[in-house]
Amino acid sequence: MDRRKFLASLSVGSLGLAGLPNAWAEDSITPVLFPVPANTGITGNVVVVGGGMSGAAVAKYLRLWGGTGVAVTLVEASPAYTSNIMSNTVLTGQRTLASLNYTYDTLVSHYGVRRVNAKVSGINGAAKSVTLEGGGTIGYDRLVLAPGLDFDLMPGMSSLAEYETLVPHAWKAGPQTQLLRNQLLAMPAGQNVVLTIPKAPYRCPPGPYERVCVIADWLKRNKAGSRIIVLDANADIIVEKENFSHAFTALYAGVVDYRPGCSVTHVDSANRVVTYDQSINGVPVASHAQLQAAVLNPIPPQRAPQLLKHAGLLSVDPSKPFAPVNVLSYQSTVDPLIHVIGDASLTTQPKAGHIGNQQGKTCADAIVRLLSGRPLNTQVVTNSACYTPITATTATWLSALYQYVPGTGSAPGTMVILPQHNNGKPIAASSATSDNYQDMQRWFTTLMGETFS
Ligand SMILES: Cc1cc2nc3c(=O)[nH]c(=O)nc-3n(C[C@H](O)[C@H](O)[C@H](O)COP(=O)(O)OP(=O)(O)OC[C@H]3O[C@@H](n4cnc5c(N)ncnc54)[C@H](O)[C@@H]3O)c2cc1C
């Protein structure tokens, strides 16, 4: 895809909202701050819970497309957002955590979003209000839930605190990312890192394989004789198979030891010992095998936060612990006044920040239409991109375009990859290059700027 068009497609083109202002200039990565329209005739009171990739986007575009009559309150637990995207490069010292911080200043000062720095502890759908952890409630006409994910305990673990102090998953950027970096720095050369990957769906499909590559690259240069052993619960590499297989078997031969079909049965956090079974094509090849790690990085299974479970918004299928939605509006299938976007929602699109941004815009457009009594747009298209550093100077990428397809019979409509887009499959870079690495920096700056300013 042409790079300029691709970066520009982050703005409004994908939603068919031609004519409405967008906040991004096609030929530049400098944000253009369009004013919030004063009088669209549309009024409403929308509360957004969570100011990450999807929540910040929906808050911004509700104001930009709804105008000053649409009051938007963003309730976010943290004072600022730390991006998960690019956080693997904090592990190798190429970036600092501070360089991944984004404030809500522009959303408040320019777009007029009301910000509440608090954690939401409950949802009362009947009363149309949310409860704050420190006390107090906030009422809404429409509620948007964008709280990201919760992480399960690995078998054998007794407390989430073990991730904070002993075996960081670092699958939400923050102190655990720094802890994992410190552990890598402190490990003796010649000893091993063990990384475990949960069964899909999980946040950022290429992310674990990306982490394996950047850690392997760093080990090669900094810890002679060390290896990274990967226990993947999936039967095979789930995305960009050619690129990652090549990296694991050629570029990092002798450094990466990739083991598919592994189910972790026990994690001893204090001693960093992991026990697992492995089977390939249904044939058991290892039972109660144990690995001693110098650094243990278990990426846990993931689910929508408890907040949504308690509100009864999750799928009844326990293998899909996320919130089913109408993908034209992101309205919950349980309560049409509640919208769920980002990683917490259950759709056919990947759990990714780029898609979260697109879902935020789709949802903002839908709410503006619903508040003004107009029909939903049925021509929704979203796009997704994940750039993946393979070494400290080269990267690959994966991209897909999704379009709404109406359901048949009782089956709901869904988002599918456009058949004309690579036969309905995501497109991947043909190899890791330094040009891709430059594009990755530009894509990241564009995506984050577009979401938070
Ligand atoms: C290592 C790594 C690399 C990645 N790389 C990419 C990539 O290259 N491309 C890509 O597209 N995606 C990537 N991702 C995935 C991406 O980061 C997530 O999919 C994305 O952040 C999800 O957006 P979200 O809005 O659903 O949740 P988040 O961005 O996690 O935001 C959720 C927000 O809600 C807040 N919150 C939660 N609960 C409450 C509550 N009860 N009350 C108030 N606030 C609350 C949290 O504090 C947080 O700020 C990567 C992820 C990881 C871990």
Side-chain angles (χ1 to χ4, degrees), residues 10 47-59 73-91 100-102 104 115-123 130-134 138 144-151 169-174 176-177 180 195 201-212 214-215 239 297 299-300 302 304-308 310-311 322-323 330 340-345 347 349-360 363 382-389 395-400 440 443-444 447-448 451-452:
L10 275 168
V47 171
V48 180
V49 177
M53 297 306 296
S54 58
V58 76
T73 304
L74 176 63
V75 191
E76 163 58 51
S78 301
Y81 181 68
T82 305
S83 169
N84 301 311
I85 307 176
M86 302 303 288
S87 65
N88 281 334
T89 57
V90 173
L91 303 177
L100 298 178
N101 274 356
Y102 294 84
Y104 300 101
R115 176 164 146 59
V116 176
N117 188 183
K119 184 167 181 182
V120 169
S121 56
I123 299 165
V130 296
T131 308
L132 305 183
E133 198 169 66
I138 305 176
V144 183
L145 298 174
L149 292 163
D150 274 358
F151 299 95
H169 59 67
W171 217 239
K172 174 175 166 55
Q176 288 190 33
T177 316
L180 187 53
L195 179 149
Y202 57 79
R203 165 178 278 178
C204 193
Y209 308 107
E210 164 185 312
R211 180 172 285 177
V212 172
V214 298
I215 291 180
V239 279
N297 177 209
I299 302 174
Q302 298 151 34
Q306 287 291 312
L307 181 69
L308 280 77
H310 292 148
F322 300 98
Y330 289 87
V340 185
I341 54 175
D343 288 355
S345 64
T347 79
Q349 301 153 106
K351 299 193 179 301
H354 192 129
I355 275 288
N357 167 287
Q358 301 278 293
Q359 293 181 348
C363 181
T382 57
N383 60 23
S384 164
C386 277
Y387 277 88
T388 298
T396 61
W397 50 262
L398 180 71
S399 165
M440 176 179 75
W443 161 81
F444 176 64
L447 176 63
M448 300 313 286
T451 304
F452 288 91

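Order of appearance sets the numbers: ligands from 1, and atoms from 1 within every ligand.
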Side-chain (E133) to main-chain (S121) donor-acceptor, under 3.5 angstrom: no
Under 3.5 Å: N/O of E210 near N/O of ligand 1: no
Close approach of A118 to ligand 1, heavy atoms, under 4.0 angstrom: yes
Identity and separation of the nearest protein heavy atom to atom 9 (N) of ligand 1: C386 SG, 3.3 Å
Protein contact to atom 12 (N) of ligand 1 [nearest heavy atom, distance to 0.1 Å]: G353 N, 2.9 Å
Any I123 side-chain heavy atom under 4.5 Å of H310 side chain: no
Per-residue contact class, L149 against ligand 1 - non-hydrogen pairs under 4.0 Å: neither
Distance-only N or O hit between ligand 1 and M86, under 3.5 Å: no
Ligand-residue contact atoms, ligand 1 with G52, heavy atoms, under 4.0 Å: 25 (O), 29 (O), 31 (O), 33 (C)
Any donor-acceptor pair under 3.5 Å from N297 side chain to H169 backbone: yes
Nearest protein heavy atom with distance in Å, relative to atom 23 (O) of ligand 1: M53 CB, 3.6 Å
Ligand 1 versus N88: contacting region, heavy-atom distance under 4.0 Å: side chain
Atoms of ligand 1 close to P147 [distance to a heavy atom under 4.0 angstrom, numbered from 1]: 32 (C), 34 (O), 37 (C), 38 (N)
Which atom of P206 lies closest to which atom of L398, heavy atoms considered: CG-CD2, 4.5 Å
Aromatic plane relationship, Y102 with F444 - under 30° parallel, 30 to 60° tilted, over 60° perpendicular: perpendicular
side-chain hydrogen bond (donor to acceptor under 3.5 Å, both in side chains) between Q349 and S384, worked out: CA-CA 8 Å; Q349 301 153 106; S384 164; over 6 Å; no
Minimum-distance protein heavy atom relative to atom 30 (O) of ligand 1: R203 NH2, 2.9 Å
Numbered atoms of ligand 1 (with element) below 4.0 Å of Y387, judged on heavy atoms: 8 (O)
Interfacing atoms of ligand 1 (cut-off 4.0 Å, heavy-atom, G148): 26 (O), 27 (O), 32 (C)
Full working for side-chain contact (heavy atoms from CB on, under 4.5 Å) between N84 and C204: CA-CA 10 Å; N84 301 311; C204 193; over 6 Å; no
Stepwise side-chain contact (heavy atoms from CB on, under 4.5 Å) check, V120 with L132: CA-CA 4 Å; V120 169; L132 305 183; 4.0 Å; yes
Exam field: side chain Q302 to backbone Y202, donor-acceptor pair closer than 3.5 Å: no
Per-atom contacts, ligand 1 versus A385 - under 4.0 Å to a heavy atom: 9 (N), 11 (O)
Polar atom proximity, C204 to ligand 1 (N or O, under 3.5 Å): no
Any W443 heavy atom less than 4.0 Å from ligand 1: yes
Ligand 1 atoms in contact with A146 (distance to a heavy atom under 4.0 Å): 32 (C), 33 (C), 34 (O)
Side-chain heavy atoms of T347 within contact of Y330, under 4.5 Å: yes
Protein residue, atom and distance nearest to atom 35 (C) of ligand 1, heavy-atom basis: E76 OE1, 3.1 Å
For S54, atoms of ligand 1 separated by under 4.0 Å from a heavy atom: 24 (P), 25 (O), 26 (O)
Check against side-chain contact (heavy atoms from CB on, under 4.5 Å), M53 and L447: CA-CA 9 Å; M53 297 306 296; L447 176 63; 3.9 Å; yes
Test item, A344 contacting ligand 1 (heavy atom, 4.0 angstrom): no
Protein heavy atom at shortest distance from atom 21 (O) of ligand 1: Y81 OH, 3.2 Å
Closest non-hydrogen atom pair between A170 and L180, with its separation: CB-CD2, 4.0 Å
Identity and separation of the nearest protein heavy atom to atom 3 (C) of ligand 1: N84 O, 3.6 Å
Side-chain donor or acceptor of Y387 paired with backbone N/O of W443 under 3.5 Å: no
Pairwise side-chain contact, D343 with F322, heavy-atom cut-off 4.5 Å (strictly under): no
Polar contact flag for A77 and ligand 1 (N/O pairs, less than 3.5 Å): yes
Contact check: W171 vs ligand 1, nitrogen or oxygen atoms, below 3.5 angstrom: no
Element-labelled atoms of ligand 1 that are located less than 4.0 Å from some non-hydrogen atom of K351: 19 (O)
N/O separation below 3.5 Å, G207 to ligand 1: no
Exam field: side chain K119 to backbone G134, donor-acceptor pair closer than 3.5 Å: no
Working for side-chain contact (heavy atoms from CB on, under 4.5 Å), residues W171 and R211: CA-CA 10 Å; W171 217 239; R211 180 172 285 177; 3.6 Å; yes
Atom 41 (N) of ligand 1: the protein heavy-atom neighbour that sits closest, reported with distance to 0.1 Å: V120 O, 3.0 Å
